[in-house]
Protein chains: 2
Amino acid sequence: MKTIALLALAAAAATVSVPAAAQFAKAEDAIEYRQASFFVLGQHFGRIGAMANGKVPFDAKAAQENADIVASMARLPWAAFGPGTDKGAPTKAKPEIWTEQAKYKEHATKLETESVKLAAAAKTGNLDNLKAAFGEAAKTCKACHDAYRNK
Amino acid sequence: MKTIALLALAAAAATVSVPAAAQFAKAEDAIEYRQASFFVLGQHFGRIGAMANGKVPFDAKAAQENADIVASMARLPWAAFGPGTDKGAPTKAKPEIWTEQAKYKEHATKLETESVKLAAAAKTGNLDNLKAAFGEAAKTCKACHDAYRNK
(Lines give C-alpha, C1' and ligand atoms only; values in the text may rest on other atoms or scores of the structure.)
Protein backbone atom coordinates (compact mmCIF):
# COMPACT_ATOMS: atom_id res chain seq x y z
CA MET A 1 0.00 0.00 0.00
CA LYS A 2 2.79 2.34 0.95
CA THR A 3 4.65 1.28 -2.18
CA ILE A 4 1.61 2.03 -4.32
CA ALA A 5 1.29 5.45 -2.70
CA LEU A 6 4.97 6.07 -3.35
CA LEU A 7 4.66 5.00 -6.96
CA ALA A 8 1.55 7.14 -7.41
CA LEU A 9 3.43 10.06 -5.94
CA ALA A 10 6.47 9.43 -8.09
CA ALA A 11 4.21 9.35 -11.13
CA ALA A 12 2.53 12.56 -10.02
CA ALA A 13 5.91 14.17 -9.43
CA ALA A 14 7.07 13.11 -12.87
CA THR A 15 3.96 14.51 -14.49
CA VAL A 16 4.04 17.83 -12.70
CA SER A 17 7.74 18.00 -13.49
CA VAL A 18 9.13 18.72 -10.05
CA PRO A 19 12.83 18.18 -9.44
CA ALA A 20 13.83 14.52 -9.40
CA ALA A 21 15.67 15.19 -6.15
CA ALA A 22 12.69 16.75 -4.42
CA GLN A 23 13.48 15.39 -0.98
CA PHE A 24 12.80 16.89 2.42
CA ALA A 25 14.79 16.23 5.59
CA LYS A 26 11.58 16.04 7.63
CA ALA A 27 7.80 16.36 7.23
CA GLU A 28 7.99 19.79 8.88
CA ASP A 29 10.22 21.04 6.04
CA ALA A 30 7.87 19.66 3.39
CA ILE A 31 4.89 21.36 5.07
CA GLU A 32 6.74 24.68 5.37
CA TYR A 33 7.91 24.36 1.76
CA ARG A 34 4.45 23.81 0.29
CA GLN A 35 2.95 26.59 2.41
CA ALA A 36 5.81 28.92 1.41
CA SER A 37 5.51 28.16 -2.30
CA PHE A 38 1.71 28.57 -2.22
CA PHE A 39 2.12 31.89 -0.38
CA VAL A 40 4.55 33.27 -2.96
CA LEU A 41 2.32 31.97 -5.76
CA GLY A 42 -0.72 33.57 -4.14
CA GLN A 43 0.90 36.97 -3.80
CA HIS A 44 1.69 37.14 -7.51
CA PHE A 45 -1.64 35.60 -8.50
CA GLY A 46 -3.36 38.20 -6.34
CA ARG A 47 -1.60 41.03 -8.17
CA ILE A 48 -2.94 39.73 -11.46
CA GLY A 49 -6.38 39.40 -9.87
CA ALA A 50 -6.28 43.03 -8.76
CA MET A 51 -5.76 44.03 -12.41
CA ALA A 52 -8.30 41.53 -13.73
CA ASN A 53 -10.86 42.85 -11.25
CA GLY A 54 -10.07 46.50 -11.96
CA LYS A 55 -8.80 47.18 -8.43
CA VAL A 56 -5.49 48.43 -9.84
CA PRO A 57 -4.77 49.81 -13.33
CA PHE A 58 -3.80 47.20 -15.93
CA ASP A 59 -0.02 47.10 -16.39
CA ALA A 60 0.78 44.63 -19.16
CA LYS A 61 4.46 44.30 -18.19
CA ALA A 62 3.67 43.70 -14.52
CA ALA A 63 0.92 41.23 -15.44
CA GLN A 64 3.36 39.26 -17.59
CA GLU A 65 6.08 39.27 -14.91
CA ASN A 66 3.62 38.14 -12.24
CA ALA A 67 2.10 35.48 -14.50
CA ASP A 68 5.54 34.08 -15.34
CA ILE A 69 6.29 33.77 -11.61
CA VAL A 70 2.89 32.10 -11.02
CA ALA A 71 3.67 29.58 -13.77
CA SER A 72 7.05 28.76 -12.18
CA MET A 73 5.69 28.59 -8.63
CA ALA A 74 2.76 26.38 -9.67
CA ARG A 75 5.20 23.54 -10.39
CA LEU A 76 6.68 23.48 -6.89
CA PRO A 77 4.26 22.58 -4.08
CA TRP A 78 3.24 19.10 -5.20
CA ALA A 79 6.47 17.28 -4.39
CA ALA A 80 6.03 18.47 -0.80
CA PHE A 81 2.87 16.38 -0.31
CA GLY A 82 4.78 13.13 -0.08
CA PRO A 83 3.86 10.15 2.08
CA GLY A 84 4.13 11.00 5.77
CA THR A 85 3.77 14.76 5.29
CA ASP A 86 0.12 14.80 6.36
CA LYS A 87 1.36 15.78 9.84
CA GLY A 88 4.49 17.19 11.49
CA ALA A 89 3.50 20.87 11.57
CA PRO A 90 0.23 22.83 11.50
CA THR A 91 -1.38 22.15 8.12
CA LYS A 92 -4.79 22.64 6.50
CA ALA A 93 -4.13 19.74 4.12
CA LYS A 94 -6.95 17.18 4.21
CA PRO A 95 -6.14 13.44 4.52
CA GLU A 96 -7.87 12.93 1.16
CA ILE A 97 -4.73 14.29 -0.52
CA TRP A 98 -3.01 11.04 0.42
CA THR A 99 -5.98 8.73 -0.03
CA GLU A 100 -7.06 10.16 -3.41
CA GLN A 101 -3.65 10.56 -5.06
CA ALA A 102 -4.96 10.24 -8.63
CA LYS A 103 -7.71 12.84 -8.12
CA TYR A 104 -5.35 15.14 -6.26
CA LYS A 105 -2.80 14.82 -9.04
CA GLU A 106 -5.45 15.94 -11.56
CA HIS A 107 -5.97 19.14 -9.58
CA ALA A 108 -2.23 19.75 -9.38
CA THR A 109 -1.76 19.22 -13.10
CA LYS A 110 -4.77 21.45 -13.84
CA LEU A 111 -3.24 24.34 -11.90
CA GLU A 112 0.03 23.97 -13.78
CA THR A 113 -1.82 23.94 -17.10
CA GLU A 114 -3.98 26.96 -16.24
CA SER A 115 -0.93 28.85 -14.98
CA VAL A 116 0.86 28.31 -18.28
CA LYS A 117 -2.28 29.53 -20.08
CA LEU A 118 -2.37 32.56 -17.78
CA ALA A 119 1.23 33.40 -18.64
CA ALA A 120 0.45 33.04 -22.35
CA ALA A 121 -2.60 35.29 -21.96
CA ALA A 122 -0.54 37.88 -20.10
CA LYS A 123 1.99 37.89 -22.95
CA THR A 124 -0.72 39.04 -25.37
CA GLY A 125 -0.93 42.29 -23.40
CA ASN A 126 -4.71 42.15 -23.74
CA LEU A 127 -6.69 42.72 -20.54
CA ASP A 128 -9.69 40.65 -21.70
CA ASN A 129 -7.41 37.67 -22.38
CA LEU A 130 -5.88 38.14 -18.93
CA LYS A 131 -9.29 38.33 -17.25
CA ALA A 132 -10.48 35.13 -18.95
CA ALA A 133 -7.34 33.16 -18.10
CA PHE A 134 -7.29 34.51 -14.55
CA GLY A 135 -10.89 33.40 -14.06
CA GLU A 136 -10.11 29.85 -15.17
CA ALA A 137 -7.02 29.65 -12.99
CA ALA A 138 -8.92 31.03 -9.99
CA LYS A 139 -11.57 28.32 -10.44
CA THR A 140 -8.81 25.73 -10.33
CA CYS A 141 -7.45 27.13 -7.05
CA LYS A 142 -10.93 27.10 -5.52
CA ALA A 143 -11.81 23.59 -6.68
CA CYS A 144 -8.67 22.18 -5.05
CA HIS A 145 -9.04 24.25 -1.88
CA ASP A 146 -12.67 23.15 -1.52
CA ALA A 147 -11.72 19.50 -1.92
CA TYR A 148 -8.37 19.29 -0.15
CA ARG A 149 -7.86 22.23 2.19
CA ASN A 150 -9.48 22.61 5.59
CA LYS A 151 -11.00 26.01 6.36
CA MET B 1 14.92 60.95 3.06
CA LYS B 2 11.97 58.62 2.65
CA THR B 3 11.80 59.62 -1.02
CA ILE B 4 15.48 58.83 -1.44
CA ALA B 5 14.97 55.44 0.19
CA LEU B 6 12.02 54.80 -2.10
CA LEU B 7 14.01 55.80 -5.17
CA ALA B 8 16.94 53.65 -4.07
CA LEU B 9 14.55 50.76 -3.62
CA ALA B 10 12.90 51.36 -6.97
CA ALA B 11 16.35 51.36 -8.57
CA ALA B 12 17.26 48.17 -6.74
CA ALA B 13 13.99 46.59 -7.79
CA ALA B 14 14.60 47.58 -11.40
CA THR B 15 18.10 46.13 -11.33
CA VAL B 16 17.15 42.84 -9.74
CA SER B 17 14.21 42.69 -12.15
CA VAL B 18 11.39 42.05 -9.74
CA PRO B 19 7.84 42.60 -10.94
CA ALA B 20 7.00 46.27 -11.45
CA ALA B 21 3.83 45.67 -9.45
CA ALA B 22 5.59 44.11 -6.50
CA GLN B 23 3.30 45.54 -3.85
CA PHE B 24 2.29 44.09 -0.51
CA ALA B 25 -0.96 44.80 1.29
CA LYS B 26 0.88 45.05 4.63
CA ALA B 27 4.38 44.74 6.08
CA GLU B 28 3.42 41.35 7.50
CA ASP B 29 2.81 40.03 3.98
CA ALA B 30 6.15 41.36 2.74
CA ILE B 31 7.95 39.71 5.66
CA GLU B 32 6.17 36.39 5.10
CA TYR B 33 6.87 36.64 1.36
CA ARG B 34 10.61 37.18 1.71
CA GLN B 35 10.89 34.44 4.35
CA ALA B 36 8.85 32.08 2.15
CA SER B 37 10.89 32.78 -0.98
CA PHE B 38 14.19 32.38 0.90
CA PHE B 39 12.94 29.09 2.40
CA VAL B 40 12.02 27.65 -1.01
CA LEU B 41 15.31 28.91 -2.45
CA GLY B 42 17.22 27.36 0.47
CA GLN B 43 15.62 23.95 0.06
CA HIS B 44 16.68 23.72 -3.58
CA PHE B 45 20.09 25.25 -2.91
CA GLY B 46 20.58 22.68 -0.13
CA ARG B 47 19.86 19.82 -2.54
CA ILE B 48 22.61 21.06 -4.81
CA GLY B 49 24.88 21.44 -1.79
CA ALA B 50 24.25 17.83 -0.80
CA MET B 51 25.53 16.76 -4.22
CA ALA B 52 28.40 19.25 -4.23
CA ASN B 53 29.46 17.98 -0.81
CA GLY B 54 29.08 14.31 -1.74
CA LYS B 55 26.29 13.70 0.77
CA VAL B 56 24.03 12.40 -2.01
CA PRO B 57 25.04 10.96 -5.39
CA PHE B 58 25.44 13.51 -8.19
CA ASP B 59 22.33 13.59 -10.39
CA ALA B 60 22.96 16.01 -13.26
CA LYS B 61 19.27 16.34 -14.16
CA ALA B 62 18.24 17.02 -10.56
CA ALA B 63 21.10 19.49 -10.11
CA GLN B 64 19.98 21.40 -13.20
CA GLU B 65 16.31 21.42 -12.14
CA ASN B 66 17.22 22.61 -8.65
CA ALA B 67 19.65 25.24 -9.95
CA ASP B 68 17.02 26.61 -12.35
CA ILE B 69 14.61 26.98 -9.44
CA VAL B 70 17.32 28.68 -7.33
CA ALA B 71 17.95 31.14 -10.18
CA SER B 72 14.22 31.97 -10.39
CA MET B 73 13.74 32.23 -6.64
CA ALA B 74 16.82 34.43 -6.19
CA ARG B 75 15.02 37.24 -8.04
CA LEU B 76 12.06 37.37 -5.67
CA PRO B 77 12.85 38.30 -2.06
CA TRP B 78 14.30 41.79 -2.64
CA ALA B 79 11.09 43.60 -3.49
CA ALA B 80 9.77 42.48 -0.09
CA PHE B 81 12.32 44.58 1.79
CA GLY B 82 10.55 47.84 1.01
CA PRO B 83 10.34 50.86 3.30
CA GLY B 84 8.34 50.08 6.44
CA THR B 85 8.87 46.32 6.24
CA ASP B 86 11.56 46.32 8.95
CA LYS B 87 8.82 45.40 11.44
CA GLY B 88 5.28 44.01 11.42
CA ALA B 89 6.09 40.33 12.02
CA PRO B 90 8.99 38.39 13.55
CA THR B 91 12.02 39.00 11.33
CA LYS B 92 15.78 38.50 11.54
CA ALA B 93 16.35 41.34 9.08
CA LYS B 94 18.81 43.93 10.45
CA PRO B 95 17.95 47.67 10.25
CA GLU B 96 21.09 48.13 8.12
CA ILE B 97 19.11 46.72 5.18
CA TRP B 98 17.16 49.97 5.13
CA THR B 99 20.00 52.30 6.11
CA GLU B 100 22.55 50.81 3.66
CA GLN B 101 20.32 50.36 0.60
CA ALA B 102 23.18 50.61 -1.92
CA LYS B 103 25.33 48.05 -0.12
CA TYR B 104 22.36 45.76 0.45
CA LYS B 105 21.44 46.00 -3.22
CA GLU B 106 24.97 44.87 -4.15
CA HIS B 107 24.48 41.69 -2.10
CA ALA B 108 21.08 41.07 -3.70
CA THR B 109 22.45 41.53 -7.21
CA LYS B 110 25.43 39.30 -6.39
CA LEU B 111 23.16 36.44 -5.35
CA GLU B 112 21.17 36.76 -8.57
CA THR B 113 24.38 36.74 -10.60
CA GLU B 114 25.87 33.75 -8.77
CA SER B 115 22.56 31.87 -9.07
CA VAL B 116 22.56 32.34 -12.83
CA LYS B 117 26.20 31.11 -12.91
CA LEU B 118 25.16 28.11 -10.78
CA ALA B 119 22.38 27.24 -13.24
CA ALA B 120 24.84 27.54 -16.13
CA ALA B 121 27.34 25.32 -14.30
CA ALA B 122 24.61 22.75 -13.59
CA LYS B 123 23.74 22.66 -17.30
CA THR B 124 27.27 21.49 -18.13
CA GLY B 125 26.50 18.27 -16.24
CA ASN B 126 29.98 18.42 -14.74
CA LEU B 127 30.21 17.93 -10.96
CA ASP B 128 33.39 19.97 -10.60
CA ASN B 129 31.74 22.93 -12.32
CA LEU B 130 28.75 22.52 -10.01
CA LYS B 131 30.98 22.38 -6.92
CA ALA B 132 32.84 25.55 -7.91
CA ALA B 133 29.67 27.52 -8.69
CA PHE B 134 27.93 26.23 -5.55
CA GLY B 135 30.88 27.38 -3.43
CA GLU B 136 30.73 30.89 -4.86
CA ALA B 137 26.97 31.13 -4.42
CA ALA B 138 27.21 29.81 -0.84
CA LYS B 139 29.79 32.52 -0.03
CA THR B 140 27.31 35.09 -1.30
CA CYS B 141 24.55 33.76 0.98
CA LYS B 142 26.89 33.84 3.98
CA ALA B 143 28.22 37.33 3.30
CA CYS B 144 24.70 38.76 3.21
CA HIS B 145 23.50 36.76 6.22
CA ASP B 146 26.53 37.87 8.24
CA ALA B 147 25.89 41.50 7.37
CA TYR B 148 22.10 41.74 7.34
CA ARG B 149 20.52 38.83 9.20
CA ASN B 150 20.34 38.53 12.97
CA LYS B 151 21.30 35.16 14.44
Side-chain angles (χ1 to χ4, degrees), chain A residues 13-14 16-26 28-52 55-80 82 85 89 119 122 130, chain B residues 13-14 16-26 28-52 55-80 82 85 89 119 122 130:
Chain A
V16 300
S17 59
V18 288
Q23 303 296 338
F24 296 93
K26 45 191 194 305
E28 186 187 339
D29 291 344
I31 293 167
E32 182 170 354
Y33 177 95
R34 67 206 191 200
Q35 290 170 346
S37 49
F38 276 129
F39 183 81
V40 171
L41 191 164
Q43 287 288 312
H44 293 281
F45 190 69
R47 289 167 196 170
I48 298 168
M51 292 186 224
K55 285 177 191 148
V56 305
F58 175 51
D59 175 333
K61 184 170 179 290
Q64 191 174 329
E65 289 170 328
N66 281 300
D68 286 343
I69 294 170
V70 166
S72 308
M73 297 308 298
R75 299 173 54 213
L76 303 184
W78 323 117
T85 63
L130 187 74
Chain B
V16 300
S17 59
V18 289
Q23 302 296 337
F24 296 91
K26 46 191 193 304
E28 186 187 340
D29 291 344
I31 293 167
E32 182 170 355
Y33 178 95
R34 66 204 190 201
Q35 290 171 347
S37 50
F38 276 128
F39 184 81
V40 171
L41 191 164
Q43 287 289 311
H44 293 280
F45 190 68
R47 289 168 196 170
I48 297 169
M51 293 185 224
K55 285 177 191 149
V56 306
F58 175 51
D59 175 332
K61 185 170 179 290
Q64 191 174 329
E65 289 170 327
N66 281 301
D68 286 343
I69 295 170
V70 166
S72 309
M73 297 308 298
R75 298 174 54 212
L76 304 184
W78 323 117
T85 63
L130 187 74

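Letters A, B, ... mirror the listed sequences (proteins, then strands); counts begin at 1.
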For residues B/S37 and A/V40, report the shortest heavy-atom separation together with the two atoms involved.
N-CG2, 3.9 Å

Contacting region of B/Q43 [heavy-atom separation from chain A under 4.5 Å]:
side chain

For the atom pair CE (A/M73) and CG (B/L76), what is the distance rounded to the nearest 0.5 Å?
7.0 Å

Would you name the heavy atoms of B/Y33 and A/F39 that are closest together and state the gap between them?
N-CE2, 3.4 Å

Sort B/D29 into side chain, backbone, both or neither according to what part of it lies under 4.5 angstrom from a heavy atom of chain A.
both

